[in-house]
Amino acid sequence: MERLFRILINYKIKYLIPVLLLIGMFITSLGIIFTIYFIVDNTIDRQITNGIIYHRNLILYILNKNTKIINGNQQLQKELFYNDLLFHSNNLYHIFIINKENSNIVFSNYKVFQNRNFHQILERYKDSLAFEWNDILNAKSYIEKNKKKKIYKKNNYYFYIEELNQDYWLIIIYAFNWFDIFNIKNITILIIVFIVLIFLPFWFFFYFYKQFYETRIEYLLNAVEKISEGDLSSMVPVIGNDEITQISSFVNRMKDQLKEIIFEDSLTKVLNRKGFEFYSSKLLTLNKECAIFFMDLDGFKYVNETYGHDIGDKALQIVAKRLKQLCQANLLNAKMILGRIGGDEFALLIDLTNLKEAYLDIQIFALKIIEDISQKYEVQNITFNLGISIGIAIYPEHGKNLNELLTNADLAMYQVKYSTKNSYYFFDSKLKSFYEQKNQLRNELITIFRNHQIQDHFYLVYQPIYNLKLKKINHIEVLLRFQHPLLKSYPADFIPLLEELNYISIIGNYIIKKSIEDLIDIQNRLNEKINISINISPKQIIDKNFYKDIMLLYNTYSKYNIKTNQIILEITENILIDNPAKVLRVINSLHDIGFSFAIDDFGTGFSSLSYLKELPVKYIKIDKKFTEDLVLNPKTELIVRSIINLAHLLGYNTIIEGIEDYITLKKVIELKGDYVQGYYLTPPLPKEELINFLEKPENYQLDNIFLENH
Ligand code: C2E
Ligand code: CA
Ligand code: CA
């Protein structure tokens with residue numbers, strides 16, 4: 001039924017309804033008329049037939065007893081009268097017994113007709129009787145022909161004719177009375193028919209009609225309500241061809257428009273985070289195998305800071321365009337959803353259903369992305385390069401929902417960032433435990449700093465730096481260590497966390513204070529002047545109190561025979577990335593009062609040389625990365641040689657870190673490095689051990705090497 005209504009609604013129902021109603025009413029009227037006719041016909045036939053048969057039997061019964069006295073039979077008259085009362089008939093009836101020969105009425109229930117001629121009577125009462133001799137003749141021949149039917153019907157009259165014997169006819173004529181029809185039973189039937197025929201179809205019709213409209217309005221209401229709550233996922237079904245239909249399709253279009261406005265990243269014209277999440281979640285609910293790429297640009301921050309945000313924006317646009325083109329190239333024949341989900345972060349969801357060798361295919365695709373993104377960028381006559389680090393997570397293996405997948409792909413991406421960069425990495429559960437440990441450490445650090453327990457969990461170690469020219473140790477580097485009964489953590493893990501938690505300045509001040517105290521002690525006990533290198537994090541130097549704090553600390557200890565030029569602050573090249581002007585100002589003012597600076601991890605950052613000009617440095621520390629394969633790789637040797645030469649030309653000293661063996665040390669001496677530091681001499685040592693170490697020069701005598709060299 002409902003389907004029928006849906007079909008009906010597809011035509012303009014508002015025009016259809018009156019027509020349908022009219023048809024309904026017509027059918028109803030016909031129904032009522034037929035019912036009435038049926039009732040009337042049945043009632044009359046039954047009642048009149050009964051009446052006629054009753055009267056006929058009564059007459060025959062009485063006449064059988066008094067056949068001789070037919071004429072004006074008094075008893076018959078009386079019986080008919082009483083029985084008439086008993087019979088309660090409202091019908092008019094005439095009973096005639098007629099002499100065949102002369103047509104005289106020998107008996108009639110109306111006394112006035114008795115002994116009159118039947119023809120004359122008919123003639124005389126023509127107008128009131130409304131039947132004629134002809135009708136009686138017709139009745140006679142009809143009854144003779146149709147043996148079974150004894151009653152002939154014409155208009156409102158029922159005729160019964162029987163031969164009583166060879167002399168007489170018995171004629172009974174009934175005229176039907178309308179009032180007989182309207183008894184209670186018939187009226188009840190009529191009312192029921194009326195209800196059934198009129199109310200039921202109308203009720204039916206309106207019930208479904210209403211229900212149909214109401215459901216559609218409810219759909220609309222739900223959709224609009226959801227939109228108002230910011231949920232743009234459901235569509236209003238568009239059924240029929242009326243105003244509701246139009247509103248429904250408008251609402252759908254409105255929603256699409258809204259989606260475009262809300263879900264598009266205005267800068268790159270790809271989906272924004274919200275859009276990416278919306279469409280990806282939708283795809284994930286289909287339970288298809290998917291891969292999610294979490295992609296972070298390498299070197300974007302540098303471009304942004306160096307060339308300004310306009311160039312940065314352009315770079316993002318080009319990156320998005322390249323990614324979009326790759327997605328649209330249909331290399332994998334897979335549905336893809338691309339979005340920019342953060343500053344320089346993009347995400348890509350790939351439906352793996354149609355891929356035969358999904359794992360291989362997505363790796364090839366990842367490589368293609370890396371290749372394309374690594375192509376040169378040219379914006380307003382500036383040329384630069386970018387890389388991209390991709391973390392990959394697979395649905396449903398690596399996450400039940402989008403959030404989990406993104407987190408895990410992000411973790412995998414970080415793995416790339418910390419290693420090679422410009423590469424891809426799959427998530428695995430080990431990463432998760434790494435992440436969880438990191439979280440645990442983060443929480444622990446928060447507790448430690450809140451409870452002022454720095455001294456319980458952090459301590460300092462010192463690694464000597466050997467002066468190759470003076471052939472002695474007059475320089476140490478202070479390094480931070482973390483101790484905890486349950487957690488083990490190295491500076492590479494906890495330093496970034498301390499930076500993230502904004503504890504780096506607190507711990508930085510602690511290190512400066514404690515290491516200067518230690519230095520005073522060491523100097524006193526060794527009776528020798530010693531320089532100290534202190535690592536300064538970029539986050540620390542941009543702290544507005546950095547200069548003030550360091551001056552305060554220094555002033556406290558200056559009376560203990562410590563000069564500013566004994567303190568070397570180790571900074572990395574990327575120290576200038578955030579707020580270079582301010583950092584330079586701080587560095588210059590510290591330099592002005594005598595502090596020295598060393599560039600740590602030289603050669604691992606972006607544009608080492610351009611920074612060198614700006615910074616007032618005294619030392620360049622050549623990173624472990626170069627010492628590792630110094631003896632094995634001629635290219636590395638060349639690089640280190642050039643750095644040392646360049647440093648000397650510019651008047652800087654070089655400290656070569658990470659010397660672990662004899663041959664590397666020999667090589668460094670050969671390349672004319674100034675200072676060396678590394679496990680070959682000693683790993684970093686706690687203060688007491690350091691003093692012990694330094695007290696015995698045989699521990700670190702490198703004389704034999706120099707002898708060999710000469
Ligand atoms: P870095 O400043 O380059 O420190 C040198 C790192 O090399 C130290 O690691 C040291 O223990 C290690 N090392 C020294 N000789 C050798 C060697 O021969 N072979 C190898 N493989 N490693 C050697 P550590 O102490 O784990 O520190 C790692 C990094 O954490 C440091 O790199 C530095 O950037 C940072 N860091 C350490 N202590 C502090 C600190 O007090 N403050 C700040 N801001 N950063 C610190
Ligand atoms: Ca250092
Ligand atoms: Ca270093």
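Any value given below was found using the heavy atoms of this structure, including those in side chains, with hydrogens, waters and symmetry copies removed. Just so you know, ligand 1 is whichever comes first in the structure, and atom 1 is the first atom listed for that ligand.
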Exercise. Side chains of Thr654 and Asp674: is there a donor and an acceptor less than 3.5 Å apart?
Worked result: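 Indeed, the side chains of Thr654 and Asp674 share at least one donor-acceptor pair under 3.5 Å.
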
Exercise. Are Asn555 and Ser558 close enough that a side-chain donor and a side-chain acceptor fall under 3.5 Å?
Worked result: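 Ser558 and Asn555 do not have a side-chain donor-acceptor pair below 3.5 Å.
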
Exercise. Between Lys624, Gln540, Lys539, which one has a non-hydrogen atom sitting closest to atom 22 (N) of ligand 1?
Worked result: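 Among Lys624, Gln540, Lys539, the closest heavy atom to atom 22 (N) of ligand 1 belongs to Lys624.
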
Exercise. Which of the listed options, Tyr679, Tyr510, Phe458, holds the heavy atom that is closest to atom 16 (C) of ligand 1?
Worked result: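 Among Tyr679, Tyr510, Phe458, the closest heavy atom to atom 16 (C) of ligand 1 belongs to Tyr679.
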
Exercise. Judged by non-hydrogen atoms, does Glu657 sit under 4.0 Å from ligand 1?
Worked result: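 Under 4.0 Å: yes for Glu657.
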
Problem set entry | Electrostatic pair Arg273-Glu277, nearest N-O below 4.0 angstrom |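 Answer for the salt bridge query: yes.
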
Problem set entry | Pair Glu670 + Lys666: basic N to acidic O under 4.0 Å |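 Salt bridge between Glu670 and Lys666, a charged N being under 4.0 Å from a carboxylate O: no.
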
For this session: Output the distance between atom CD (Glu657) and atom OG1 (Thr627), rounded to the nearest 0.5 Å.
Result: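 If I round to the nearest 0.5 Å, the distance is 7.0 Å.
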
For this session: Can you measure from CD (Glu345) to CD1 (Ile341) and round to the nearest 0.5 angstrom?
Result: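 Rounded to the nearest 0.5 Å, the CD-CD1 separation comes to 5.5 Å.
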
Counting heavy atoms only, which part of [X] comes closer than 4.0 Å to ligand 1: side chain, backbone, both or neither?
X: Ile659; answer: backbone
X: Lys621; answer: neither
X: Ile495; answer: side chain
X: Ile511; answer: side chain
X: Asp601; answer: side chain
X: Gln677; answer: neither

Exercise. Looking at ligand 1, does any of its N/O atoms fall within less than 3.5 Å of an N/O of Gly678?
Worked result: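 Checking ligand 1 against Gly678, no N or O pair falls under 3.5 Å apart.
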
Exercise. Ligand 1 and Tyr680, any nitrogen or oxygen pair closer than 3.5 angstrom?
Worked result: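 So ligand 1 has no N or O lying under 3.5 Å from an N or O of Tyr680.
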
For the pair [X] and [Y], name the ring-plane relationship: parallel under 30°, tilted 30 to 60°, perpendicular over 60°.
X: Phe595; Y: Tyr554; result: perpendicular
X: Tyr503; Y: Phe449; result: parallel
X: Phe384; Y: Tyr377; result: parallel
X: Tyr619; Y: Tyr675; result: perpendicular
X: Phe482; Y: Phe494; result: tilted

Nearest to the Ca ion (ligand 2), which N, O or S atom of [X] do we find?
X: Asp600; value: OD2
X: Glu570; value: OE1
X: Glu477; value: OE2

Problem set entry | Contacting atoms of ligand 1, where contact means under 4.0 angstrom from a heavy atom of Ser537 |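 The list of qualifying atoms is 44 (N).
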
Exercise. With a cut-off of 4.0 Å, which atoms of ligand 1 are near a heavy atom of Pro684?
Worked result: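 This gives 11 (O) as the contact atoms.
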
For this session: Evaluate salt bridge (Lys or Arg N to Asp or Glu O under 4.0 Å) for Asp265 paired with Arg340, printing each intermediate quantity in order.
Result: CA-CA 7 Å; Asp265 173 38; Arg340 182 165 81 115; 2.8 Å; yes

Can you tell me if an N/O/S atom from [X] lies under 3.0 Å from the Ca ion (ligand 2)?
X: Asp601; value: no
X: Glu657; value: no
X: Ser533; value: no

